[in-house]
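Excluded from the calculations below are hydrogen atoms, water molecules and symmetry mates; all remaining heavy atoms, backbone and side chain alike, are included. Residue numbers run from 1 in the order of the sequence given.
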Amino acid sequence: MKILVTYPGKLHTVPMGDFSEKALITMGHEVYSFDFTSNLSEKILRKINTKSNEVYHHLNARFRRRIDNIKPDLVLVIFGFDLSIKSLEFLRQRKIVSVCWWLNDPFQFKRSLDKAPYYDFLYTNSMVSVENYKASGIYNVSWLPTACDPDVHKQVLAVNKYKSEVCFAGDWCLLREQWCLELNKHFDLRIFGPWKKKLKSNSPLLSCVYDGFFSPQEMCQMFASSKIVFNIHSWHGKWNHGTNPRLFEAAGCGVCQVVDWKKDIPYLFDIPNEVITYSDYSGLISKVKDLINSPNTRESMSKNAQQHAYDEHTYTHRMHSILEKI
């Protein structure tokens with residue numbers, strides 16, 4: 001098939017489009033891409049024109065020209081923040097199959113509903129959200145969590161400057177700061193991500209932070225240098241379903257992971273033989289202490305999780321799932 005993959009623009013930590021494109025190429029398809037990041041002329045327009053929707057219209061016009069030039073059989077949209085309804089109608093008029101892989105459920109479910117009716121197929125990262133879409137009249141929807149790329153998410157050598165008992169890698173939010181503050185009371189903690197501008201000048205976490213964005217390859221080094229990877233969904237405490245990419249990436253890296261419990265996880269990994277889940281502070285601290293004192297358990301969990309991730313949860317598996325359904 002001839003497939004166009006669209007990526008969201010203006011995002012630093014969303015490589016799912018690259019991984020999906022690579023998987024489709026490996027599967028033998030003719031693959032093209034469209035990045036919704038503004039080009040130079042659109043950036044200039046953004047500066048001289050306060051109407052940001054002008055850039056939005058320019059981006060979509062450029063997207064439609066790309067469609068007419070390539071004439072793909074299928075368009076795979078990762079997120080689709082910047083893709084307009086006009087562009088989706090354009091695809092339908094040309095009988096080009098449109099697929100959205102929406103990865104921000106459940107916390108942006110309502111945002112997804114605006115465009116969901118215009119796609120031929122919709123995939124969500126939350127198993128519970130499938131029924132929520134159907135209740136809203138969106139029926140051609142399936143559960144498809146994210147994945148790992150074995151060429152990237154793999155065991156690598158530890159880096160001395162990253163070494164810690166517990167590490168977290170990802171964007172800041174107040175919830176994550178609160179949980180990291182609790183972890184920092186008990187363990188040698190490292191935080192990787194653009195956090196410093198968000199923390200107060202007297203925050204005890206400042207000394208833990210390696211500030212700035214990081215590549216997937218650097219993330220693997222960070223994980224390899226820590227005894228335990230701490231994963232917490234930004235929607236913890238609000239929704240008990242939906243999973244983030246880190247669940248699969250940490251597993252692929254062959255590291256020991258503790259993650260806040262979600263309904264989806266038992267369908268994806270074996271608890272506690274592959275990942276450890278927690279729900280509250282006391283449970284988290286207790287389980288991390290046990291793991292730090294049990295190197296054999298950590299090693300066994302890491303190997304089991306990696307094998308399961310490679311067997312069932314790669315981007316090639318996900319692309320097969322999409323194309324088989326279509």
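- With respect to Phe230, the side-chain contact (heavy atoms from CB on, under 4.5 Å) criterion is satisfied by exactly one of Leu284, Asp260, Val259, Leu189: Leu284.
- Not a single side-chain hydrogen bond (donor to acceptor under 3.5 Å, both in side chains) links Ser201 to another residue, sequence neighbours left out.
- Annotation: side-chain contact (heavy atoms from CB on, under 4.5 Å) contacts of Ile70 (sequence neighbours excluded): Lys2, Leu4, Tyr32, Arg66, Pro72.
- In terms of the side-chain contact (heavy atoms from CB on, under 4.5 Å) criterion, residue partners of Asp290 (sequence neighbours excluded) are, by chain and number, Ser286.
- Among residues two or more places apart in sequence or in another chain, the side-chain contact (heavy atoms from CB on, under 4.5 Å) test is passed with Pro150 by Tyr310, Thr314.
- For the salt bridge (Lys or Arg N to Asp or Glu O under 4.0 Å) test, no residue two or more places apart in sequence or in another chain qualifies with Arg176.
- Every residue meeting the side-chain hydrogen bond (donor to acceptor under 3.5 Å, both in side chains) condition with Glu299, not counting sequence neighbours, appears here in chain and number order: Lys303.
- By the 6.0 Å and 45° rule, Arg318 does not stack over the aromatic ring of Tyr123.
- In terms of the salt bridge (Lys or Arg N to Asp or Glu O under 4.0 Å) criterion, residue partners of Lys22 (sequence neighbours excluded) are, by chain and number, Asp149, Asp151.
- Applying the side-chain hydrogen bond (donor to acceptor under 3.5 Å, both in side chains) criterion to Asn104, with sequence neighbours excluded, gives Gln108.
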Atom pairs and distances, donor-acceptor, side-chain atoms in residues 211-219, under 3.5 Å, two or more places apart:
residue : atom : partner : partner atom : Å
Asp211  : OD1  : Trp195  : N            : 2.8
Asp211  : OD1  : Lys196  : N            : 3.0
Ser215  : OG   : Gln217  : N            : 3.4
Ser215  : OG   : Glu218  : N            : 3.0
Ser215  : OG   : Glu218  : OE1          : 3.4
Glu218  : OE1  : Ser215  : N            : 2.8

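- Listed by chain and residue number, Asp68 satisfy the salt bridge (Lys or Arg N to Asp or Glu O under 4.0 Å) test with Arg94 (two or more places apart in sequence, or in another chain).
- Scanning for side-chain contact (heavy atoms from CB on, under 4.5 Å) contacts around Lys163 gives Ala158, Asn160, Ser225, with sequence neighbours left out.
- With sequence neighbours left out, Thr6 forms a side-chain hydrogen bond (donor to acceptor under 3.5 Å, both in side chains) with no residue at all.
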